[in-house]
Amino acid sequence: MKMKIITTVLLLLGLGTLVKAQEKTTSPEFLKYTNSKWVDSVMKSLTPKEKIGQLMFVAAYSNKGKEHETEILDLIKKWNIGGLVFFQGDPVTQVRQMNMYQKQARTPLLGAIDAEWGLGMRLDSTISYPYQMALGAIEDNTLIYNLGVEVARQIKSTGLHLNFAPVADVNNNPENPVINYRSFGENKYKVTQKSVAYMQGMQDAGLLTTAKHFPGHGDTNTDSHYNLPQINHSLERLNNLELYPFKELINAGINGIMVAHLNIPALDASGKPSTLSKAIVTDLLQDRLGFKGLIITDAMRMKGVTNNNKPGIVDKEAVLAGNDVLELTQDVAKAILEIENAVKKKVISQVDIDNRVRKILAAKQWAKLNHYSSTPSKELIKDLNSPKANLLKRQLVEASLTVIKNDNAIIPLKKLDTLNIMSISIGDTTKTIFQKSLSLYTKINHFNLGNNADAAIISTLKKEIEKHNLLIVGIHDSSAFPKNKIEFSKALTEFVENLPSRKTIVSYFKNPYSISKIKNIEEVKGIVLTYQDNNITQDIAAQLIFGGVSANGKLPISIGSKFKSGDGITTSKKIRFKYTLPEDAGLNSKILNSRIDSLVQQAIANKAIPGAQVLVAKNGKVVLHKAYGTHIYSDTTKVNLSNIYDIASVTKISSALPALMQLQDLNKFDVENTIDDYLPYFKGSNKADISLKQILTHQAGFSPWIPYWQKTLRKNGSYKWNTIKKDSSARFPLKITDNMWLHHNYKKKIFKAIKKSPVSDVKKYKYSGLLFYLLPTMVEKITNTNFVDYVNANFYNKLGATTLTYTPSKKFNNSSIIPTENDYLFRHNPIHGTVHDEGAAMMGGISANAGLFSNANDLAKLMQMYLNMGTYGNEEYISSKTLKQYTSVQFPENNNHRGIGFDKPYLTYKGENSNTAKDASKESFGHTGFTGTMVWMDPINDVLFIFLSNRVTPTRDNRKLYTLNTRTNIQQVIYDAMQ
């Protein structure tokens, strides 16, 4: 006994030197209500037993049905418990229950929840934000503060008032089974900064908070849910490391602190769990550290405290130690009885009990429970999943992504035309979101390997790898929480360990600690850490690799000897599209999505179009990318985002025009020259002295179009002998349909028809597509290169626009290509997989008038390059000077609104008869297509709009799309959403 007393005295002396004199602390704000009128009145109304009941917080579930509700109601009515801690269920039921429980409570209940990463930690239909380890990688703590504000809003919306967060443990033990990814990291300063930011965000938004797990649970390999962990560090080490965040949080005014179940001999030699230790709870936390707020036990049903301690007695011991709130008391009746007896025996005074109850009541008044009103649940799910809340999640993930290897700045990928890319998702046997998002940027061949992949499968895969010069590997995690382990087959382990032999980028979706278990992984060219595996981390990691977002995260923990805390390479600013939410670009998603959906559905319902793709980008961010309807009216095949459309006259600004602008920059072309300068065939013709600028602005007096196909027919309807045959041959090699083959010299007839066509003396705006049939040949003569090869090599391949193509049926199955018209005049077939325009079809499908096919996403890359004034993906395609010239009105004095090749808004807005939305700027430009397509760019507002449809099905006579004014109405919605 004497030795025990001496040990205790020495320990107390040690505690005296443990903490330096505290700076002036900020007391929790709620303490100002400790002696308020309301608290006084409640205290007078409570019996001693009811006061003890206020210390009890019990577990509540919204998914356990009526029987559980009855049990909770009984505890409320019989024992006047102080609060409820909610666990699994759904938010609407939780609100209903909390309203019911509050109605039956004599003293308002404090509602708590363990929502470290948001309501999604406990409730379905709600958002799970990144784990704290991911947040620990974020450099901008303003985002952590904003998270606190949003989490507080959501928790309060479900009728609760207290969050058991943040976790302030410094996780310096990689094998920690219970804290680990729940910690902000191993650096005590960063853990502290982020804990304070998270706490302040929540408290500023009116939510009570609790720092945990005091005095520090980060350096243990035992889970206190199942046993009592022991921490054998010295007082000096504890003071300098484990206690540091808690001291700073106390100074910052944290509301509450949760005490862990730990055995810490340096603080209490008795072996008691810290929750039951007066030396830790009272002497250290309250007296030495000066904490005056709520002291809450960790769950009193955890084996770290219940082993060798009986229900009721253990609760009494926790109160004697100095705790205010007993979380998840196992037996409320026994606990109250034991504490009541302790008061009667004067082991604990009634004054102490009263002071603790006053603190709890003061916290309730701060949470406005003195003026309680029921919590509404109407549209709760929608409110909890608001665009703003979801955008915050994406922002947090984006800011957390950490590049720890980036040899030769491989990330973001550049020069896509030089890359033949293969992706492998390991740990997921179906195509992943990661892979789908990678495919937004260029063509990629995807493969998957399960964790148990055998040698035979891997051997086959290796042969495929040899066909590629870049490998992107996603290593996935199938567990609900990121485990610190690798569970690969032997063959898969060897395969992953040999990845460094290739040009490889790894995106690691598992617990970052576990990457140390993979030999040689640090030798790959690039490594991205995401800290956890979900749809958003996969999506944004893919965007990072291609430069849709940049990386700024810093590693919050050390990974063995391979990577150190603080490592993290900042990648260059975004160079390609970012795919995100409208709010990320300052648009209102409700307006944007609902009204565009409504307008497209209106068009479909009125049979103006069977389906469509719509893409909207602002500030280089794709904020709407949707597919609607079906391929044709009589089919059930739904349009998807990878389907490709005939873009018709949008080809004019997507093929030869960018080539001419680029050639102008190279001084190989001048738009002021005449047509015969580049096509001598036209010398001496009525078009010889007309400048190309006049022709491209449609004021050269050319005929609008020539029905070339009609010239193939005799009066009796049969084909002339030197035009079309049913079978192919050397003389008839150009396929129009399976049973229509065009004479090899017919292109000359088209050129001749254009050459001989009349030219009006009146030089005013009159749309003509004739020149665009000639431009591919002009480009070929200037460059001495096949036209398709030229545009592919200089534009489409570099952009990663792999579906932007001529003659799509040579590359894609018809199931991927949207049909157009049922041609009863010329081809006598449904047009599917070949160009709709008859003249372009007779040019072998390759013209600058029409002929290009694309999906909205790939076409958008070219258009965004225009909007960027010539650059995209870290490459310059066209100078800004040239683009500004071509996209400007050239002859306004002649009432001509056109740019060079590009369409422009009418000089005077004409209401519904205008070619653009009312709010489109005068500097905007674009083009429309006969098949029902439209692309439009607004450099003043940095807006890109793409609409693809096949309004010509079943026939071109269907003009309802024009009548409904669908395209420009959708365009106006974009501007409305900006306001």
Are Leu470 and Leu413 packed together at the side-chain level, in the sense that at least one heavy-atom pair is separated by less than 4.5 angstrom? yes
Just to verify, what does Lys756 make a side chain to side chain contact (heavy atoms under 4.5 Å, CB included) with, not counting sequence neighbours? Lys752
Are there more than 12 heavy atoms of other residues, nucleotides or ligands under 6.0 Å from atom NZ of Lys720? yes
Would you say that Gln543 contacts Tyr441 through its side chain, given a criterion of any heavy-atom pair below 4.5 Å between the two side chains? yes
Kindly check if the number of other-residue, nucleotide or ligand heavy atoms within 6.0 Å of CG (Asn784) is above 12? no
Step-by-step side-chain contact (heavy atoms from CB on, under 4.5 Å) determination, Gln664 to Leu666: CA-CA 5 Å; Gln664 180 166 308; Leu666 296 171; over 6 Å; no
So do Asn829 and Asn739 actually touch side chain to side chain, heavy atoms under 4.5 Å? yes
Option among Tyr796, Phe795, Tyr877, Phe577 that satisfies the ring-ring contact (aromatic ring centres under 6.0 Å, His included) test with Tyr872: Phe577
pair His631-Val639: side-chain heavy atoms closer than 4.5 Å: yes
Spatial distance of atom CG (Leu859) from atom OG1 (Thr651) [nearest 0.5 Å]: 9.0 Å
Rounded to the nearest 0.5 Å, what separates atom CG in Asn896 from atom OG1 in Thr697? 5.5 Å
Would you say Thr820 and Asp646 are linked by a side-chain donor-acceptor pair, where the criterion is simply a distance under 3.5 Å? no
Where the side chain of Tyr790 meets the backbone of Ala659, is there a donor-acceptor pair that is under 3.5 Å apart? no
ring-ring contact (aromatic ring centres under 6.0 Å, His included): which pairs involve residues 643-682, sequence neighbours left out? Phe669-Tyr678
Tyr866 side-chain N/O to Ile653 backbone N/O, donor-acceptor pair under 3.5 Å: yes
Can you tell me how far apart CD (Gln864) and CD1 (Ile946) are? Round to the nearest 0.5 Å. 9.0 Å
Hey, can you tell me if Tyr579 and His625 have their rings parallel, tilted or perpendicular (30° and 60° cut-offs)? tilted
Audit row: His446, Ser423, side-chain hydrogen bond (donor to acceptor under 3.5 Å, both in side chains) steps and yes/no: CA-CA 5 Å; His446 300 294; Ser423 87; 2.5 Å; yes
Donor-acceptor pair, distance only, cut-off 3.5 Å: does the side chain of Asn958 make one with the backbone of Ala608? yes
Can you tell me which residue among Leu679, Leu696, Ile690, Asn849 is in a side chain to side chain contact (heavy atoms under 4.5 Å, CB included) with Leu771? Leu696
Quick one: NZ on Lys811 to NZ on Lys443, what's the gap to the nearest 0.5 Å? 10.5 Å
Checking His832 side chain against Ile817 main chain: does a donor-acceptor pair fall under 3.5 Å? yes
With distance as the sole test, does Lys414 use its side chain to make a donor-acceptor pair with the main-chain N or O of Pro412 at under 3.5 Å? yes
If you apply the rule side-chain hydrogen bond (donor to acceptor under 3.5 Å, both in side chains), what do you find for Thr674 with Asp676, and how did you get there? CA-CA 6 Å; Thr674 58; Asp676 59 318; 2.6 Å; yes
If you count heavy atoms of other groups shown closer than 6.0 angstrom to NZ of Lys431, is the number above 12? yes
How far apart are the C-alpha atoms of Leu804 and Leu852, what are their side-chain angles, what is the distance that settles it, and do they pass the side-chain contact (heavy atoms from CB on, under 4.5 Å) test? CA-CA 7 Å; Leu804 186 54; Leu852 277 179; 4.1 Å; yes
Run the ring-ring contact (aromatic ring centres under 6.0 Å, His included) test on Phe812 and Phe853 for me, step by step, so that the C-alpha distance in whole Å, both residues' side-chain angles and the decisive distance to 0.1 Å come before the verdict. CA-CA 11 Å; Phe812 302 97; Phe853 286 68; 9.6 Å; no
I'd like to know if the side chain of Thr933 reaches the main chain of Ile647, judged simply by a donor and an acceptor atom lying under 3.5 Å from each other, with no hydrogens or angles considered. yes
If we only count heavy atoms from C-beta on, is the Thr442 to Leu419 side-chain gap below 4.5 Å? no
Answer yes or no: is there a donor N or O on one side and an acceptor on the other, between the side chain of Ser880 and the main chain of Met869, under 3.5 Å? no
Ser728 side chain to Pro733 main-chain N or O, any donor-acceptor pair under 3.5 Å? no
Looking at Phe925, is Arg898 sitting on its ring face, NZ or CZ under 6.0 Å from the six-membered ring centre and within 45 degrees of the normal? no
Does a donor on one side chain sit under 3.5 Å from an acceptor on the other, for Asp665 and Ser879? yes
Mind running side-chain contact (heavy atoms from CB on, under 4.5 Å) on Tyr765 and Asn895 for me, showing each step along the way? CA-CA 7 Å; Tyr765 173 68; Asn895 199 31; over 6 Å; no
Decide whether Trp741 and Ser729 meet the rule of one side-chain donor and one side-chain acceptor closer than 3.5 Å. no
Any side-chain heavy-atom pair of Lys668 and Thr783 under 4.5 Å: no
Lys749 NZ: over 12 foreign heavy atoms closer than 6.0 Å: no
The reported gap from OG1 in Thr805 to CD1 in Ile644 (rounded to nearest 0.5 angstrom) is 7.0 Å
Test your reading of the model: is there a side-chain donor-acceptor pair from Asn894 to the backbone of Lys763, 3.5 Å cut-off? yes
Heavy atoms of Gly611 and Asn950 approach each other most closely as O-OD1, 3.9 Å
Run the side-chain contact (heavy atoms from CB on, under 4.5 Å) check on Ile609 and Lys960 step by step: do they pass? CA-CA 8 Å; Ile609 53 172; Lys960 293 178 182 177; over 6 Å; no
Whether Glu464 and Lys467 form a salt bridge (side-chain N of Lys/Arg under 4.0 Å from carboxylate O of Asp/Glu) is what I want to check. yes
Classify the side-chain pair Lys687/Ser757 by whether it contains a donor and acceptor separated by less than 3.5 Å. yes
Pairing residues for Tyr767 by the ring pair (Phe, Tyr, Trp, His ring centres under 6.0 Å) criterion, not counting sequence neighbours: His698
How long is the gap from CG on Leu660 to CD1 on Ile900, to the nearest 0.5 Å? 10.5 Å
Begin with the C-alpha distance, continue with both residues' side-chain angles, and end with the deciding distance and a verdict on ring-ring contact (aromatic ring centres under 6.0 Å, His included) for Tyr773 and Phe751. CA-CA 8 Å; Tyr773 288 98; Phe751 275 42; 8.9 Å; no
If we ignore hydrogens and angles and just use 3.5 Å, is the side chain of Arg576 paired with the main-chain N or O of Gly620 as donor and acceptor? no
Distance-only polar pair, side chains of Gln699 and Gln890, donor-acceptor under 3.5 Å: no
Evaluate whether atom CG of Asp761 has more than 12 neighbouring non-hydrogen atoms of other residues, nucleotides or ligands under 6.0 angstrom away. no
Asn965 and Thr968: side chain donor to acceptor below 3.5 Å: yes
Going by heavy atoms in the side chains, are Trp705 and Asp837 under 4.5 Å from each other? no
Can you check whether Pro939 reaches Leu867 side chain to side chain, under 4.5 Å on heavy atoms? yes
